[in-house]
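Have a look at the structure below, then the notes.
Remember, it's a predicted structure, so these values are computed and weren't measured experimentally. Just so we're on the same page: letters track the sequence lines, and every chain starts at 1. Atom set for the values below is all heavy atoms of this structure, side chains included, hydrogens, waters and symmetry mates excluded.
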Protein chains: 2
Amino acid sequence: MTKQRITISDVAKKAGVSPTAVSFAFNKPEQLGKETLERIFEAARELGYAANPYARALHSGSIGSLGVLVPQSISSIFSNPFFAAFLQGMGVMCDEKGIGLLTLAVQDNNLEAAIAKAPVDGFVLVGLNEDHEEVAPLIKRNIPTVIVDGDGSQFSTVNVDDEGGAYQAAKYLLDQGHRDIRILTFETPYNHLEYVYFGVGGRRLRGYQRAFQEAGLDWNDEYLVPTIASIEGGQDSFMQLMAQKRQPSAVLAVSDAMAIGVVLAAKQANLRIPQDLAVIGFDDIPLAELMSPALSTVNQPVTEKGRLAADLLISALEEGQHKAQHFMLPTTLILRDTTR
Amino acid sequence: MTKQRITISDVAKKAGVSPTAVSFAFNKPEQLGKETLERIFEAARELGYAANPYARALHSGSIGSLGVLVPQSISSIFSNPFFAAFLQGMGVMCDEKGIGLLTLAVQDNNLEAAIAKAPVDGFVLVGLNEDHEEVAPLIKRNIPTVIVDGDGSQFSTVNVDDEGGAYQAAKYLLDQGHRDIRILTFETPYNHLEYVYFGVGGRRLRGYQRAFQEAGLDWNDEYLVPTIASIEGGQDSFMQLMAQKRQPSAVLAVSDAMAIGVVLAAKQANLRIPQDLAVIGFDDIPLAELMSPALSTVNQPVTEKGRLAADLLISALEEGQHKAQHFMLPTTLILRDTTR
DNA sequence: CTGAAAGCGCTAACAT
DNA sequence: ATGTTAGCGCTTTCAG
């Protein structure tokens, strides 16, 4: 195991002072004589002393890092460009304040355990509502928390106008005359139709639906294609679509990764885009702009969401009790090469 | 501040037992009578009790998370596809073991402070050598550490064959007859030529150099173009190149982001790729394959590096003292559409 | 300006 | 089977 750590009293001994003096030297140096100070720092440096963060935290209640909790595995978080951008935004604030960012695994749906043992001063929750039962301990124990892409009242929330963005996307296709539109939705663990209207996926769906209704079209849940949120998932769904009797003239996807998969698969099938198939994604990840044809999509300010969430959390931490604030950031339809 | 936390003795009081009994209930339940156990858990649940992780860590010396230390800001880490893939690899192991991943900021070159206050059981260092002065405290305090993309002997290391991959890339262009090749190198803080031969950038450079020499070409440091490792950086360097009297027929870049920038800028300048300009990058990030023309590049197993690094670190943690192991993973030249 | 002593919350010998 | 007690390393009144 780790070699015996240098403690404050080792330094005290070496410098010929009391442990208190050493503590003061680091925390309230003005309380000490210049001479003593020198001697203490000298000893500390020679010994390679550094305060034990846990002892310090035990006392102060603060450890200097923020937790990011997403109901997904760590590895899937990092393979997702959305989170890359989001974490980048949080990182801007963390860099500024010199604090760390802890990404947490959620073992078998056990958020509560993860929360309890995490060495953090507060949490950013992504995609979880305040009323989720696993979130209760955070409220009960009054741990500073910010909710992103979810609802809450006690905690501050940061959301974007998912519904409005989706509405614009669907309306655009509808206005162009498309009538055979299929919608790629987030895959859900169990009964698809029962879960698909929850969360950000649900909000986006309701936006599409509103546009359909305004255009006087029947909404049919059979338009929905549950799709794994990845490029491969989009490719698979495209295959499925092509195998059907009636083929769509346009596809709406609740995430860019899916949309990109569709575009890739369509290109391979020698469909012309956007003439034979129009596609609009959601999120506006960097790849959307760089691929060719460049993907039309709904932009949401992901990095800004991360920055804002971290900012709110840090303010709450610094100012103690803080009034919850609720933000709704705008989304924008970005027309590129996968639509006419 | 945070509401007064429920402690072990609150639970003890409520359950009418001693604090020890409560501790046992959670750690060695077999030591307690079934009745008592029930009563304790009941009380704990009602109170919403969870052990204070710092108190626990202070005692046990372990906190259940790994630190990732990169000599860059957190925000730049998350905007870099290389790290996304690397962290994904580490995430696979963390998910398996249910431990967290702490990404650390490095305030004004002060690694040492970051190391001292980080609530982690061990570190993965990326792009830092063991003999770097800021790494010394890790050795001195014997903190389990794995070095990635850097040299070390006491600590385990994970590297890839940068030199060999670069050699292959340069040799390929040379064999094709290219004689006007420019090389995009990592930008360095101060005097370029003094620093550019360090680290992975230096290794790659030496690979290119060896191929040049074997081809009987003079190596000239003027072939080198210091470039910020981003798409924009690559675009800028391309502009610079175009402004010169003698224009290159091929470009080697020490990172894909740079190479992609070159390709984008060349397309805009109406150069045909690969006829007018051949480009080979390094890393093989996902975008390399997805862009068009698809980027020729040197693949390195980034995700595997992350997985292996985390695996080595976790083993070292679990088995206590562990013999340092050194890994060198292969690189592969991948020919796509930016070379003939 | 400096030191003694109490305590943060938890664990684990060591009793009982 | 349960409780007592002594720390883990640090901070911080309170005296000196």
Side-chain angles (χ1 to χ4, degrees), chain A residues 1-41 43-44 47-64 113 116-119 121 141-143, chain B residues 1-41 43-44 47-64 113 116-119 121 141-143:
Chain A
M1 285 276 58
T2 295
K3 192 187 300 178
Q4 196 49 7
R5 207 179 158 136
I6 306 296
T7 78
I8 202 171
S9 56
D10 293 326
V11 178
K13 215 167 294 168
K14 175 139 190 166
V17 295
S18 80
T20 317
V22 179
S23 174
F24 278 152
F26 286 96
N27 305 309
K28 306 193 170 160
E30 67 278 8
Q31 306 272 311
L32 254 43
K34 194 168 176 185
E35 284 283 278
T36 338
L37 221 54
E38 292 278 282
R39 207 146 29 89
I40 292 174
F41 285 140
L47 259 28
Y49 168 78
N52 180 319
Y54 308 127
R56 189 187 280 247
L58 182 54
H59 199 142
S60 72
S62 141
I63 191 73
K117 35 175 289 204
D121 296 329
R141 286 163 43 202
N142 204 244
I143 298 173
Chain B
M1 285 276 55
T2 293
K3 192 187 301 179
Q4 196 49 5
R5 204 177 161 139
I6 305 295
T7 78
I8 202 170
S9 55
D10 293 326
V11 178
K13 215 168 293 167
K14 175 137 189 170
V17 295
S18 81
T20 317
V22 180
S23 175
F24 277 154
F26 286 95
N27 304 310
K28 306 192 170 163
E30 67 279 8
Q31 307 272 311
L32 254 44
K34 195 168 177 188
E35 284 282 280
T36 341
L37 222 55
E38 292 278 282
R39 206 147 27 89
I40 293 173
F41 285 140
L47 260 26
Y49 167 78
N52 180 319
Y54 309 127
R56 189 188 281 249
L58 182 54
H59 195 104
S60 72
S62 141
I63 191 72
K117 34 175 287 206
D121 297 328
R141 287 164 42 204
N142 203 243
I143 298 173

Within this structure, what is the CD1-CG distance for the pair B:Ile6 and B:Leu47, rounded to the nearest 0.5 Å? 4.5 Å

CZ on A:Arg56 to NE2 on A:His59, rounded to 0.5 Å: 11.0 Å

Measure the shortest side-chain to side-chain distance between A:Val17 and A:Leu32 over non-hydrogen atoms and say whether it is less than 4.5 angstrom. no

Filter on side-chain hydrogen bond (donor to acceptor under 3.5 Å, both in side chains), then keep only pairs touching residues 16-31 of chain A, sequence neighbours left out; what's left?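 Non-adjacent pairs meeting side-chain hydrogen bond (donor to acceptor under 3.5 Å, both in side chains): A:Ser23-A:Asn27.
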
Assign each of B:Ala50 and A:Leu37 to its nearest nucleotide of DNA chain C by heavy atoms, then name whichever residue's nucleotide is nearer the 5' end. A:Leu37

How bent is the helix from C:dC1-D:dG16 to C:dT16-D:dA1, comparing axes over its five end pairs at each side, to the nearest 10°? 40°

Output one letter per nucleotide in nucleotides 11-16 of chain D: B when a protein non-hydrogen atom lies under 4.0 Å from the base, S when only the sugar-phosphate is that close, - when neither is. BBB---

Residue pair B:Ala15 / B:Ile40: nearest heavy atoms and the distance that separates them: CB-CA, 4.0 Å

Partner set under side-chain contact (heavy atoms from CB on, under 4.5 Å) for A:Ala57, not counting sequence neighbours: A:Ile63, B:Tyr54

Sorted by chain and number, sequence neighbours left out, side-chain contact (heavy atoms from CB on, under 4.5 Å) with B:Lys34 holds for none

Between B:Phe26 and B:Phe41, what is the ring plane arrangement, given parallel below 30°, perpendicular above 60°, and tilted in between? perpendicular

Separation of atom [atom1] in [X] from atom [atom2] in [N], rounded to whole Å:
{"X": "A:Gln31", "N": "C:dC1", "atom1": "CD", "atom2": "P", "result": "9 Å"}
{"X": "A:Ile63", "N": "D:dC10", "atom1": "CD1", "atom2": "P", "result": "13 Å"}
{"X": "A:Lys13", "N": "D:dC10", "atom1": "NZ", "atom2": "C1'", "result": "15 Å"}
{"X": "A:Arg39", "N": "C:dT2", "atom1": "CZ", "atom2": "C1'", "result": "11 Å"}
{"X": "A:Lys117", "N": "C:dC10", "atom1": "NZ", "atom2": "C1'", "result": "16 Å"}
{"X": "B:Asp10", "N": "C:dC8", "atom1": "CG", "atom2": "P", "result": "11 Å"}
{"X": "A:Leu47", "N": "D:dG9", "atom1": "CG", "atom2": "P", "result": "14 Å"}
{"X": "A:Arg141", "N": "C:dG9", "atom1": "CZ", "atom2": "P", "result": "13 Å"}

Can you list the residues that meet the side chain to side chain donor-acceptor pair (under 3.5 Å) rule with A:Ser9, with sequence neighbours excluded?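 Side chain to side chain donor-acceptor pair (under 3.5 Å) check on A:Ser9 returns A:Thr7.
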
Is any side-chain nitrogen or oxygen of A:Thr7 closer than 4.0 Å to OP1 or OP2 of D:dG9? no

Quick one: label B:Leu58 by what it contacts on the DNA or RNA (base, sugar-phosphate, nothing), any heavy atom closer than 4.0 Å.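 It contacts base atoms.
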
